[in-house]
Every structure is written in structure tokens, then in C-alpha cells.
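One structure below.
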Amino acid sequence: MFGRLNHVGVATPSIARDRARYARLFGEAAVGEPLAMPDQGVTVCFVDAPNTQIELIEPLDDASPVAAFLARNPGGAQHHLCFEVADLDAALDAQAAAGARVLGAPRIGAHGTRIVFLHPREMGGVLIELMEAPDGGH
Ligand SMILES: CC[C@H](C(=O)O)C(=O)SCCNC(=O)CCNC(=O)[C@H](O)C(C)(C)COP(=O)(O)OP(=O)(O)OC[C@H]1O[C@@H](n2cnc3c(N)ncnc32)[C@H](O)[C@@H]1OP(=O)(O)O
Ligand SMILES: [Co+2]
């Protein structure tokens with residue numbers, strides 16, 4: 001089963017623009033520092049909300065996995081939902097068995113634990129990120 005909503009991914013053409021916007025919504029202290037993740041083709045910036053986080057995502061280049069998405073949504077848009085799971089391998093097996101399309105092998109995400117994505121087409125039009133819960137889900 002999926003666990004808590006760890007974050008809502010929001011693709012943006014400009015983290016600098018949206019950092020200021022979310023600082024007005026949640027306070028300056030809630031907005032973290034941008035973190036470039038070249039191996040993932042993005043820069044991310046987390047905003048702390050009371051019960052989850054917003055993950056601002058800006059492409060590093062045209063080869064970025066969010067570049068095509070932003071070309072379709074040039075002003076930015078909600079991009080994915082990330083749920084925590086206690087056992088990523090078991091969750092992947094269960095989702096694949098249920099017909100989901102697992103996108104590549106697990107890799108280390110922005111929170112330092114393994115992540116993997118499920119294609120939106122089999123998930124009701126929503127890109128789903130599964131993330132190994134930092135504390136094993138406890
Ligand atoms: C650093 C990790 C960090 C973290 O939290 O730790 C992140 O979350 S980084 C987030 C960025 N990385 C990724 O998104 C990796 C997984 N994504 C992908 O592999 C691609 O984005 C993919 C395959 C989901 C879509 O790629 P692309 O847009 O190039 O494919 P298509 O143009 O062929 O689109 C196919 C089909 O899917 C629809 N689509 C695409 N993206 C989304 C989306 N985010 N939400 C919903 N639907 C999406 C697209 O509109 C096409 O629909 P169709 O009806 O076939 O036209
Ligand atoms: Co994410």
C-alpha cells in the first residue's frame with residue numbers, strides 16, 4: 001500500500017519566480033534552497049507546507065524529463081504526486097503486476113532515498129513517484 005503524500009511536484013520555468021510566490025503563501029522560512037540534480041536533469045526546491053511539501057522542479061536542459069512537459073505547459077503546472085512506501089521493491093512488483101508501467105530502475109531522489117516513477121497513462125493521467133520512506137515508514 002502507498003503511504004503518506006511526501007510531496008507534490010510542480011514543474012516551473014523559473015524556480016526563482018515561484019520561490020517568491022510560495023514564500024508569500026507559506027512564509028519565507030518555508031522555502032528551501034534550490035538543489036541542482038544533474039543526473040536527474042532538474043533543479044529542485046522544496047517548500048514546507050503543514051502536511052506535505054511542494055517540490056518545485058526546473059529543467060536543467062532540453063533533455064530534461066520535464067522539458068517536454070513544460071513545452072506543453074509553458075507557465076508551469078502540477079507535475080507529479082510522490083507517495084512514501086515502506087518497501088519500494090515490493091511496491092514496484094505489486095504495481096507492475098497490476099498493470100502499471102514502471103519507468104526505469106530505482107534511483108536516489110532529492111530526499112536521499114530510492115525513488116521510481118509510474119507512467120501516467122496507467123495511473124489515471126497522474127505521474128506517480130514512489131519514494132522509499134526515510135524512516136522505513138515508521
Ligand atoms: C530528482 C527527483 C525528484 C524527486 O522527487 O526526488 C523528482 O521528482 S524529479 C521529477 C522529474 N523527473 C521525472 O519526471 C522522471 C519521470 N518522468 C518521465 O520519465 C517522463 O516525464 C514521462 C515518461 C512521464 C513523460 O515523458 P514525455 O513528456 O517526454 O512523454 P510524452 O510526451 O510521450 O507523454 C506521454 C503522455 O504522458 C503525458 N504526460 C507526460 N508527463 C505527464 C505528467 N507529468 N503528468 C500527466 N501526464 C503526463 C503526456 O501528456 C502524454 O499524454 P498523451 O495523452 O499520450 O498525449
Ligand atoms: Co518528486
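We count ligands from 1, going down the list as the structure has it; atoms in each ligand are counted the same way.
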Short list, please: which atoms of ligand 1 are under 4.0 Å from a heavy atom of [X]?
{"X": "Val66", "result": "11 (C)"}
{"X": "Gln40", "result": "1 (C)"}
{"X": "Gly125", "result": "46 (C), 47 (N)"}
{"X": "Gly109", "result": "6 (O)"}
{"X": "Arg107", "result": "15 (C)"}
{"X": "His7", "result": "5 (O)"}
{"X": "Phe69", "result": "41 (N), 42 (C), 43 (C), 44 (N)"}
{"X": "Ala68", "result": "28 (O), 29 (O)"}

Non-hydrogen atoms of [X] and [Y] that approach each other most closely:
{"X": "Thr43", "Y": "Pro34", "value": "CG2-CB, 3.9 Å"}
{"X": "Thr113", "Y": "Pro134", "value": "CG2-CA, 4.0 Å"}
{"X": "Leu92", "Y": "Leu118", "value": "CD2-CD2, 4.5 Å"}
{"X": "Cys45", "Y": "Ile15", "value": "CB-CG2, 3.8 Å"}
{"X": "Gly76", "Y": "Leu70", "value": "CA-CD2, 3.8 Å"}

Residue portion contacting ligand 1 (non-hydrogen atoms closer than 4.0 Å) for [X]:
{"X": "Ile115", "answer": "side chain"}
{"X": "His80", "answer": "side chain"}
{"X": "Pro65", "answer": "both"}
{"X": "Gln78", "answer": "neither"}

Any N/O of [X] closer than 3.5 Å to an N/O of ligand 1?
{"X": "Val44", "value": "no"}
{"X": "Ala110", "value": "yes"}
{"X": "His79", "value": "yes"}

Assess the side chains of Glu55 and His79: does a donor N or O sit below 3.5 Å from an acceptor N or O?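 The criterion, which ignores hydrogens and geometry beyond distance, is not satisfied for His79 and Glu55.
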Looking only at side-chain N and O atoms, does Glu84 offer a donor or acceptor that is under 3.5 Å from a partner on His111?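 No pair is found: no donor N or O on one side chain lies under 3.5 Å from an acceptor on the other.
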Could you tell me whether [atom] has a protein heavy atom closer than 4.0 Å?
{"atom": "atom 30 (O) of ligand 1", "answer": "no"}
{"atom": "atom 26 (O) of ligand 1", "answer": "no"}
{"atom": "atom 43 (C) of ligand 1", "answer": "yes"}
{"atom": "atom 56 (O) of ligand 1", "answer": "no"}

Decide, counting backbone as well as side-chain atoms, whether His80 has an N, O or S atom less than 2.8 Å from the Co ion (ligand 2).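 It does; at least one qualifying atom falls short of 2.8 Å.
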N, O or S of His7 under 2.8 Å from the Co ion (ligand 2):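 So His7 does bind the Co ion (ligand 2) by this criterion.
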The Co ion (ligand 2) - name of the N/O/S atom of Glu55 that sits closest to it: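 Considering only N, O and S atoms, Glu55 comes nearest to the Co ion (ligand 2) through OE1.
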Taking the Co ion (ligand 2) as the reference point, name the nearest N/O/S atom of Glu129.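 Going through the N, O and S atoms of Glu129 one by one, OE1 ends up nearest to the Co ion (ligand 2).
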Any donor-acceptor pair under 3.5 Å from [X] side chain to [Y] backbone:
{"X": "Thr12", "Y": "Asp18", "answer": "no"}
{"X": "Asp61", "Y": "Ser64", "answer": "yes"}
{"X": "Glu132", "Y": "Asp89", "answer": "no"}
{"X": "Arg19", "Y": "Gly32", "answer": "yes"}

Look at ligand 1 and say whether His111 reaches it with a heavy atom at a distance under 4.0 Å.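 Distance cut 4.0 Å: His111 fails for ligand 1.
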Is the closest heavy atom of Gly9 to ligand 1 under 4.0 Å?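 Outside the 4.0 Å threshold, so no.
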[X] side, atom [atom1]; [Y] side, atom [atom2] - distance, nearest 0.5 Å:
{"X": "His80", "Y": "Ile57", "atom1": "NE2", "atom2": "CD1", "answer": "4.5 Å"}
{"X": "Leu130", "Y": "Gln95", "atom1": "CG", "atom2": "CD", "answer": "6.5 Å"}
{"X": "Phe83", "Y": "Glu129", "atom1": "CZ", "atom2": "CD", "answer": "10.5 Å"}

Identity of the nearest option to atom 7 (C) of ligand 1, non-hydrogen atoms only, from Met37, Glu55, Arg114: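 It is Glu55 that holds the nearest heavy atom.
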Identity of the nearest option to atom 32 (O) of ligand 1, non-hydrogen atoms only, from Met131, Arg72, Arg101: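 Minimum heavy-atom distance to atom 32 (O) of ligand 1 goes to Arg72.
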